Structures are given as C-alpha cells and as structure tokens.
Amino acid sequence: MSHLNAIALRVTQIKHLSQFHAQVIHHSLQHHSYWVSLLISHCTRLRAPPFYTRLIFNSAQQPNVYAFTNMLKFYSHVGAHDDVIALFDCMRVSGVIPDAFVFPVLIKSWGKAAIVFHGHVLKMGHQGDRYVRNAVMDVYAKHGPICFARKLFDEMSERMVADWNSMISGYWRWGNKVEADKLFTLMPERNVVTWTAMVSGYSKTRDLVTAKRYFDQMPEKNVVSWNAMLSGYAQNGFAEEAIELFNEMVNRRVQPDETTWVAVISSCSDRADPNLANSLVKMLNQKNVRLNSFVKIALLDMHAKCGNLAAAKKVFEELGAFRNAVAWNAMISAYTRVGDLSSARELFDRMPRKNVVSWNSMIAGYAQNGQSTMAIEAFKEMIRSKDMKPDEVTMISVISACGHLGVLELGNWALNFVNENQISLSISGYNSVIFMYSKCGSMKDAKRVFEEMETRDVISFNTLITGFAAHGDGFSAIDLMRKMKGDGFQPDRITYIGVLTACSHAGMLEEGQRVFESISNPDVDHYACMIDLLGRVGKLDEAKRLIKKMPMVPHAGVYGSLLNASRIRKRIDLGEFAARELFKIEPENSGNYVLLSNMYASMGRWGDVERIRGEMRLGGVKKTTGWSWVEFGGKLHKFIVGDKSHERSNDIYKLLKELREKMRKAGYTADKDSVLRDVEEEEKEEMVGTHSEKLAVCFGLLVSEAGTSIRIMKNLRVCWDCHEAMKMISKLEGREIIVRDNNRFHCFNNGSCSCMDHW
DNA sequence: CTAGGGTTAG
C-alpha cells in the first residue's frame, strides 16, 4: 500500500483529500483503522465538514484507539465538545482502552467538569503524563479556582513552555495583570504563544499601547499574533488602527485567515460606512475567502450596522445550521437599530435558546427607542424566567429606562436589584446611575454617586453636567467642567452643550459667553445654545446677529430658540422671521405653527391666528404630541392625544366633560388653563383629539382619593400647564389634590397651591 | 498530543 501512503503525503487540499478517500475506498480499505485515522487527521487539518469526517469514522469496522483519538481531536478542533464526550462514552462501551493521548483532549472538552475525570485519569495511571498534567492545570486556570492551577504548577519538577503559557493566560483571564507579568519575566524561555498571550492580555485591559509594545517586541509573529493585535484594536473601537494594521499585515505578505477577516469586518461595522462595506464584500469575493460561521455572522452584523437590512437578513437566512445564538442576537439588534421593534420582538419570541445577550438586546432595543416601560416590562419578564441572570449590561438599560421615565422609586428598585444580586458596576454602570438620579430630580444622589466613583470617564462628567443643566444649576456645571479639566479630561462637544445649556437656564450670560469663546471649533449645536442663551436674557437682536454670523447653515433648534424667546418678549418681528425659516426647514412640525399662533393670540391679533391655522390646514400639518404617563397602583398608564384605548377611557371623557361644565357654571373662562381649554374646538376641527396631559390628569383625578398623590411621570409641562386648572378643580371638588412631578409635590387645596420639596 | 487570536447586547 505504499502508493496510497504516497498519495496521503500529497493531501494539501480538500480536493486531494477526496481523491485520497476515493483511492482508499477503491482498495476497500475504508474499514481499516489505520486508513481511517489517517483520513481523519487530514480532515482535522483541512477543516472538513463534521458529517463527512464522521462518515469516514463510521466506516471503520472496529475503530482502534488511534481512530478514536483522531476523531476526538477532530471534534475538539471544531469546538464540538458534546460530541467529544459522546464519542468517549462510545469508546468505553466498545472496550477500547483510552491512552494518554485521549485525556488532554477529553479534559479540554469537559471543561469545568473535568475534575470528575481527575479520578479516572489517576486510575488509568496517566497523571504522570506531562500533557495530561498540562490539560488538568489548564482547566483550573480557565475555570478557576486559579490557585489550584498554581498549586499544580508549583509542584511540577520540570515545566514545559505550555505550562507557563497556561498559567499566564489563566491569570489574564481572571484579570490578574500583576501575576501574568511576573510569570512572563520569570520564565526561562518564551515562544510566540507566550508573546501573543501578553498582547491579548493587555488588549483585554484596554491598554492597547502596552499591547502594541509587546507586539512590536515579539521576536517572531504568526497569523495568530497578528490576529490578537488586530482583534484588540477591533474590540476596543480602534477601527482606524485595526485597518491600518491589516494593511501592514498584507504588505508583509502575512496570509490572513478567517479570524483576521472577522476582526477587519467588525472594524468596518464600527465605521457604519456602506461604501466601505461593499468594497470589503467585493474584496472577499475576489480573494475567494472561505467564509466560516464567524465570518458570516460578522458580515451579517456589518450589513446591519451599515444600514443594509436586506443583506443582513439574507445572510441570516443562508446561515442554516450555523444560525446560532449570536446570529439571532445580531439580527434582533439589526431590527431594533432601525426602530422595528415588532420584528425584533417576533424574532426574539421565535428564538429557540435565548441567552443574556438576547434579553439585553431586546431590553436595550426598547430603551433606545423611547419605549422605557416596555424595557422594564421585558426586564421583569427576564427575572421571572428563573434561569436568566441579568448582568451589568441589562442593568444599564434598565436604570437608564427608569431615568427616562423619571420615576425614582423604579430607579431605586433597579439599584436594589443590583445590590441584592451583587452585580458589580463599571464606569458606564455608574454613569447610568448618575443619569437616572439626574432625570429623577435627585441631584444630591447624582453628585454623591459621581463622587464615590473610583475612576471616571468623560461621559461621567458630561452626564452630571447635563444634569446640572437640566436643573438650571449653571455654577455647578461650570465648576464641574473646571474640575474635569483639572483631572486631565478634555471637554468634548457634549460637555460644552451641557455647560452652555446650564448657563442658559440660569441666565448666566457672561459666563456662557466666556465658555462659548473658549470652544476652539464650535459646531451648530453650540451656536444654538448660545442663541438660546441670548434669547433668554432678552438680547434678541444680538441673537439674530449671531445667527447671521454663523459659519454653517442653522438648524431648526437655532430658529426654535429665537421663536420661543420672541414669543416671551413679544418681539413679533423676530418671531415672524424665525417662524418663516422654521416653516422652510421643517414644514411638517406643528409646534412652530402653534408657537407663532400663540404669539399672535397673546397680542390679540386673532386675524393672524386664523391665518396661521389656515396655513396649517393647507399644508396638511397635523398637531402632534408625546405620551403622558401616570402611575397608579404600581402600574404605569400612558396616554396620547385623543387616546381612547385606555380601559377607563369612557370614565375619563365623562369626567372631563363634567369638569368643563362645572367650570363654565362657576364662571371660569376656557382659555385660562390648558386642561380644559378648547377641547371642543380641537375636536371640531378634527385636527387633534384631547391632549394627552388632560387625559392623564383626569385619570389621576379619577383614581386618586383626597390626600393621595397623582404622579405624573413624563411631560413636566403637564404640571406646569395644569397648575391653574388643578387649583380650580381643588376648589370645585372641595378636596385636596396632590400632584407629584419629578421631584416635587404640588399640593392643591381650596384654589391655591403650595409646593413641597421632596427628599 | 500542549499553550495564544474570532461573531452579538451597553
């Protein structure tokens, strides 16, 4: 059979392998263990499909220990650990005695459960085998406790480089940089694997400068080393560096493999550039790159992030048996990214084996598309299904959803969950807590959390500054920016928007101007803040001059600020100017028409009011508003304009009608407040239904008893606009009404109101 | 025979 052996030596491609296989069958040798194990070892090297390899194995009549071992190695190589274990059982049943070569493979597949096999290994007398010893040690290094691995390591009389490498990568896995470093300097001889482990270790700690230093110092590199560095860049968001390194790799004639492409593709995903994506796909086709499931899923994600949902879907459909949890999750986020929550949810519900990331994707999808209640509902569903453990990523979405709702109790409940389940928070976790407290009006707590943080990033500062801005605390915002610079953080555009907004809300003109002048490259949003600030302090002409001086095209926010300021200051000339510009930029936005029309109304120019409404009708502009929320009985009730979907809708409208009649009888004029104003008029015009705020307030009145509070969660405006109405209602109904917005109680009694600070 | 690199969520 020497000519067969000669053919076997020439197997370098799948094509050759199948020719060799055909020859083996031709000579009816496919039942012989020798040829079977030889074929399987080729399969492993060439990554033949598992079913084909198993076919070869099954054709052996009585597979010997070598055939079993090679088949086990094949399964191990493709990561099919369940098959390794199943085949080992099969091996024992057939009475084949496993040798020392089997155990390292088996132990690796058993992973954490390998301790069970420890006894088995001892019984078979293989504990003295250096490879078995390494495998056992590696299991402890990977799955912990690492001190067990260290104990085995220390007891060794002679160590292979692989033993040192196992320990080093084990320490990196557990985040122990110090020990990893120590072993690296201590070890007598290093190889590529050692150096690569250091590169990927430093990448894990996000210290890419040191990672690159080790990479550059490596005496020799292979594809894996390049991949380690490349993935380090890709995973930490350094897309530019990754692509640059890839080019260098190509220049040095290093042949990229699938892992290389995964890193390159995911770097291109970050850029979200459809052109780059297309040229990359073209390149993959040109080079005839073999696409394994990792590459395919990376491509799926890239298409989704570059806005090509159809292509992503196509890849997903074509994945077939490789459609694993990661592919499902990537597809779910593809849908949530474009705001298609129902498709995302449908996929999520259809998904067979959900993992934490699936839940996190769904919850984040809700949270980022303004569906905070749905996010929290999904989270509750998640913790009801006992086998799912929320992690930090889950909690970040949940906590910020609580922030968006402005419900402190809910936020505290989420934080409580974090503590009870010992979920440790990183910087972004704490940032979400700062955001939540700020949005819930609890600046004291926001500040406390910020101060308690050991390490902060730019986002920590920006979140707190934005919080100060929303609360009109200009001094704290400026002060914090100063502190930020002192700590060595460079303020970014968000910082400046925050500080300028804070100055604007606090009416701090000079400080705001100083900050604005210090911005090296102000963008359109900074101009918008500045114009808002000038408008608020009454310097409207200066605001207009600044608009004229802007080096870029102003956006709607710029003119919106001017329009609002003009309304307050009754500068009809500037108001008209701003409104005209706004009608050009966003003709479909009803708010602009309403503002201008209100401005005319406040000056008694009813003819102009009528004219604007006519323009609105002609342009087909529909009035739109957001949702209003009321909490009652631990449940959130939400209302939108003209909402009739609420279970107590009939009662709500009945109450509204009753109140209106009572008010009319009591002699109140309809346009004095917003709860009862022009309801009939609006409905007659069929432009809009009853405002969401009115519905929310009426529902609150309906369900609350005297002395209990109505909690209006969203639309802070509600409380403000409804102020007068609530006064009247308290007088008419003869009862005390407590309305709570984000951080205050408003207590209405007998026609007057007192505010109580809360907390 | 061993050790190093891979896709999804914030």
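Throughout, protein chains are lettered first and strands after them, A, B, ... in sequence-line order, and every chain is numbered starting at 1. Any value given below was found using the heavy atoms of this structure, including those in side chains, with hydrogens, waters and symmetry copies removed. In this text the structure is predicted, and so the values were computed from the model without any measurement.
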With heavy atoms under 4.0 Å as the rule, sort A:Val356 into base, sugar-phosphate or nothing. nothing
Can you label the angle between the A:Phe103 ring and the A:Phe88 ring as parallel, tilted or perpendicular, going by 30° and 60°? perpendicular
Could you tell me the separation between the CG atom of A:Asp270 and the P atom of B:dT7, rounded to a whole number of Å? 11 Å
Testing B:dT2, B:dT7, B:dG10 for proximity to the side chain of A:Tyr131, the answer is B:dT2
Given B:dT8, B:dG10, B:dG4, the nucleotide with the shortest approach to the side chain of A:Ser169: B:dG4
Which part of the nucleic acid, if any, lies within reach of A:Gln235 when heavy atoms closer than 4.0 Å are counted: base, sugar-phosphate only, or nothing? sugar-phosphate
Categorize A:Asn355 for me: base, sugar-phosphate, or nothing, with a 4.0 angstrom heavy-atom threshold over every strand shown. nothing
Whole angstrom value for the distance that separates C1' of B:dA3 from CE of A:Met160: 8 Å
Provide, to the nearest angstrom, the distance between the CE atom belonging to A:Met198 and the P atom belonging to B:dA3. 19 Å
For the side chain of A:Pro104, counting heavy atoms from C-beta on, which of B:dC1, B:dA3, B:dA9 is nearest? B:dC1
Looking across every strand, which nucleic acid part, if any, lies under 4.0 Å from A:Arg337 by heavy atom: base, sugar-phosphate, or nothing? sugar-phosphate
Among B:dT7, B:dC1, B:dA3, the one nearest A:Asn165 by side-chain distance: B:dA3
Give A:Gln368 one of three labels, base, sugar-phosphate or nothing, depending on what nucleic acid heavy atoms sit under 4.0 Å from its own. sugar-phosphate
Minimum-distance nucleotide to A:Lys142 side chain [options: B:dT7, B:dT2, B:dA3]: B:dA3
Here the distance between atom P of B:dG4 and atom CD1 of A:Ile168, to the nearest Å, is 11 Å
Spatial distance of atom CE (A:Met362) from atom CZ (A:Phe379) [nearest 0.5 Å]: 15.5 Å
Any N or O donor-acceptor pair linking the side chain of A:Asn191 to the base of B:dG4 at under 3.5 Å? no
Using atom CD1 of A:Ile363 as one end and atom P of B:dG10 as the other, report the distance to the nearest whole Å. 12 Å
Are A:Phe101 and B:dC1 stacked, counting the six-membered base ring, centres under 5.5 Å, planes under 30°? yes
Classify the nucleic acid contact of A:Lys354 as base, sugar-phosphate or nothing, counting any heavy atom under 4.0 Å across all strands shown. nothing
Is it the case that the side chain of A:Asn134 and the backbone of A:Arg130 share a donor-acceptor pair, with hydrogens and angles ignored and the cut-off at 3.5 Å? no
Can you identify which nucleotide, out of B:dG4, B:dA9, B:dC1, has its nearest atom closest to the A:Asn360 side chain? B:dA9
Figure out the CE/C1' separation between A:Met436 and B:dG10, and round it to whole Å. 16 Å
Is A:Thr196 touching bases, backbone alone, or none of the nucleic acid, heavy atoms closer than 4.0 Å? base
Would you indicate which nucleotide in B:dG4, B:dG6, B:dT8 comes nearest to any side-chain atom of A:Val326? B:dT8
Please identify which of these residues, A:Phe74, A:Phe68, A:Tyr66, A:Tyr75, meets the ring pair (Phe, Tyr, Trp, His ring centres under 6.0 Å) condition with A:Phe57. A:Phe68
Report the nucleotide, chosen from B:dG6, B:dA3, B:dA9, that has the shortest atom-to-atom distance to any side-chain atom of A:Val262. B:dG6
A:His77 NE2 to B:dA3 P: how many Å, rounded? 10 Å
Ignoring hydrogens and geometry beyond distance, is the side chain of A:Asn329 in donor-acceptor contact with the base of B:dT8 at under 3.5 Å? yes
Under 4.0 Å between a Lys/Arg side-chain N and an Asp/Glu carboxylate O for A:Glu318 and A:Lys296? no
Expressed as a whole number of angstroms, how long is the span from A:Gln217:CD to B:dG4:C1'? 17 Å
Verify side chain to side chain donor-acceptor pair (under 3.5 Å) between A:Asn191 and A:Thr194, making sure each step is shown before the conclusion. CA-CA 5 Å; A:Asn191 60 14; A:Thr194 324; 2.9 Å; yes
Using a 4.0 Å heavy-atom cut-off, does A:Asn222 contact any base of the nucleic acid, only the sugar-phosphate backbone, or nothing at all? base
Side chains of A:Asn431 and A:Ser460, donor plus acceptor under 3.5 Å: yes
Of the candidate nucleotides B:dC1, B:dA3, B:dG4, which contains the atom at the shortest distance from the side chain of A:Lys108? B:dA3
